[in-house]
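Every value quoted in this text rests on a predicted model; they were computed, and no experiment measured them. Positions are given from 1 along the sequence.
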Amino acid sequence: QVQLVESGGGLVQAGGSLRLSCAASGRTSGAYSMGWFRQAPGKEREFVAAITRSGSTTYYADSVKGRFTISRDNAKNIVFLQMDSLKPEDTAVYYCAAGPRFRLATTRHEYNYWGQGTQVTVSS
């Protein structure tokens with residue numbers, strides 16, 4: 001089992017920044033690719049960003065490319081999502097998840113472990 005706990009959400013004005021953290025613990029928690037997803041009210045949970053186990057490769061949804069940056073510190077078992085130039089449409093609950101060991105993944109069913117989520121609200 002892998003346990004994931006997100007933090008860092010909050011209320012920010014449009015154009016501002018937030019950094020989300022995802023602390024991982026449990027068996028071989030550092031052995032997975034990691035991803036961030038988000039879910040706005042009344043919408044499906046959607047892919048935001050993913051990173052390989054080593055951190056050498058990342059992938060982003062078009063809607064956040066150039067504004068968000070995913071990174072990881074394997075020594076501390078933490079994954080980050082730096083969010084800059086935030087827009088009201090970025091408002092959602094953000095979830096981190098542990099995915100496949102040997103490749104990136106962009107769909108929900110490819111991720112086996114999920115955190116409880118952290119709320120991000122961007123005001124206009």
Side-chain angles (χ1 to χ4, degrees):
Q1 286 287 342
V2 176
Q3 293 79 43
L4 303 171
V5 179
E6 302 96 335
S7 61
L11 173 64
V12 63
Q13 289 187 330
S17 298
L18 282 175
R19 189 175 80 156
L20 305 184
S21 299
C22 173
S25 61
R27 187 176 180 183
T28 60
S29 59
Y32 299 89
S33 66
M34 297 294 293
W36 285 96
F37 288 73
R38 66 186 182 187
Q39 188 167 16
K43 295 188 176 181
E44 295 288 319
R45 192 172 299 187
E46 64 174 5
F47 169 79
V48 174
I51 188 167
T52 53
R53 291 187 300 168
S54 67
S56 61
T57 303
T58 58
Y59 187 78
Y60 299 92
D62 288 343
S63 58
V64 306
K65 199 173 296 182
R67 300 188 298 121
F68 290 12
T69 303
I70 187 172
S71 61
R72 67 191 298 166
D73 182 340
N74 284 339
K76 297 181 179 179
N77 286 330
I78 300 177
V79 180
F80 302 100
L81 185 68
Q82 177 67 40
M83 305 186 296
D84 299 318
S85 301
L86 283 161
K87 305 175 181 179
E89 51 264 44
D90 294 319
T91 295
V93 177
Y94 283 71
Y95 299 89
C96 73
R101 291 177 178 265
F102 303 114
R103 58 181 175 83
L104 293 175
T106 62
T107 58
R108 292 177 56 183
H109 76 273
E110 297 175 283
Y111 287 81
N112 294 318
Y113 303 102
W114 293 83
Q116 83 290 346
T118 185
Q119 176 70 47
V120 171
T121 303
V122 184
S123 62
S124 58

Of the non-hydrogen atoms in [X] and [Y], which two are nearest, and what is the gap between them?
X: Ala14; Y: Ser124; value: CB-CA, 4.4 Å
X: Thr58; Y: Leu104; value: C-CD1, 4.1 Å
X: Pro100; Y: Glu110; value: CD-O, 3.6 Å
X: Leu18; Y: Leu86; value: N-CD1, 3.9 Å
X: Tyr95; Y: Glu6; value: CA-OE2, 3.3 Å

Quick one: [atom1] on [X] to [atom2] on [Y], what's the gap to the nearest 0.5 Å?
X: Met34; Y: Leu81; atom1: CE; atom2: CG; answer: 11.5 Å
X: Tyr60; Y: Ile51; atom1: OH; atom2: CD1; answer: 7.0 Å
X: Thr91; Y: Gln119; atom1: OG1; atom2: CD; answer: 7.5 Å
X: Tyr32; Y: Arg72; atom1: OH; atom2: CZ; answer: 11.5 Å
X: Ser123; Y: Gln13; atom1: OG; atom2: CD; answer: 5.0 Å
X: Gln82; Y: Ile70; atom1: CD; atom2: CD1; answer: 12.5 Å

Can you confirm whether Tyr113 is buried at OH, in the sense that more than 12 heavy atoms of other residues, nucleotides or ligands lie under 6.0 Å from that atom?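 Check passes, neighbour count above 12.
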Check whether any side-chain N or O of Arg53 sits under 3.5 Å from a backbone N or O of Arg101 as a donor-acceptor pair, and report yes or no.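 Yes: the side chain of Arg53 pairs with the backbone of Arg101.
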Output yes when a side-chain donor or acceptor of Ser21 lies under 3.5 Å from a complementary backbone atom of Ser7, and no otherwise.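 No; zero donor-acceptor contacts below 3.5 Å.
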Would you please name every residue forming a salt bridge (charged side-chain N to carboxylate O under 4.0 Å, His left out) with Arg67, sequence neighbours left out?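 Salt bridge (charged side-chain N to carboxylate O under 4.0 Å, His left out) check on Arg67 returns Asp90.
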Members other than Phe80 in its cluster, when Ile, Leu, Val, Met, Phe, Trp, Tyr link by side-chain heavy atoms under 4.5 Å?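 Ile78, listed by chain and number.
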Name the orientation class of the two ring planes belonging to Phe37 and Tyr111 (parallel below 30°, tilted from 30 to 60°, perpendicular beyond 60°).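 Aromatic pair Phe37/Tyr111 classed perpendicular.
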Acceptor/donor pairs from residues 41-48 side chains to any protein atom, 3.5 angstrom cut, sequence neighbours excluded:
from  : atom 1 : to    : atom 2 : distance (Å)
Arg45 : NE     : Gln39 : OE1    : 3.3
Arg45 : NH2    : Gln39 : OE1    : 3.4
Glu46 : OE2    : Arg38 : NE     : 2.6
Glu46 : OE2    : Arg38 : NH2    : 3.2

Do Trp114 and Val79 belong to the same hydrophobic cluster, where Ile, Leu, Val, Met, Phe, Trp and Tyr are linked whenever their side-chain heavy atoms lie under 4.5 Å apart, directly or via other members?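 Per the 4.5 Å side-chain linkage, Trp114 and Val79 are not co-clustered.
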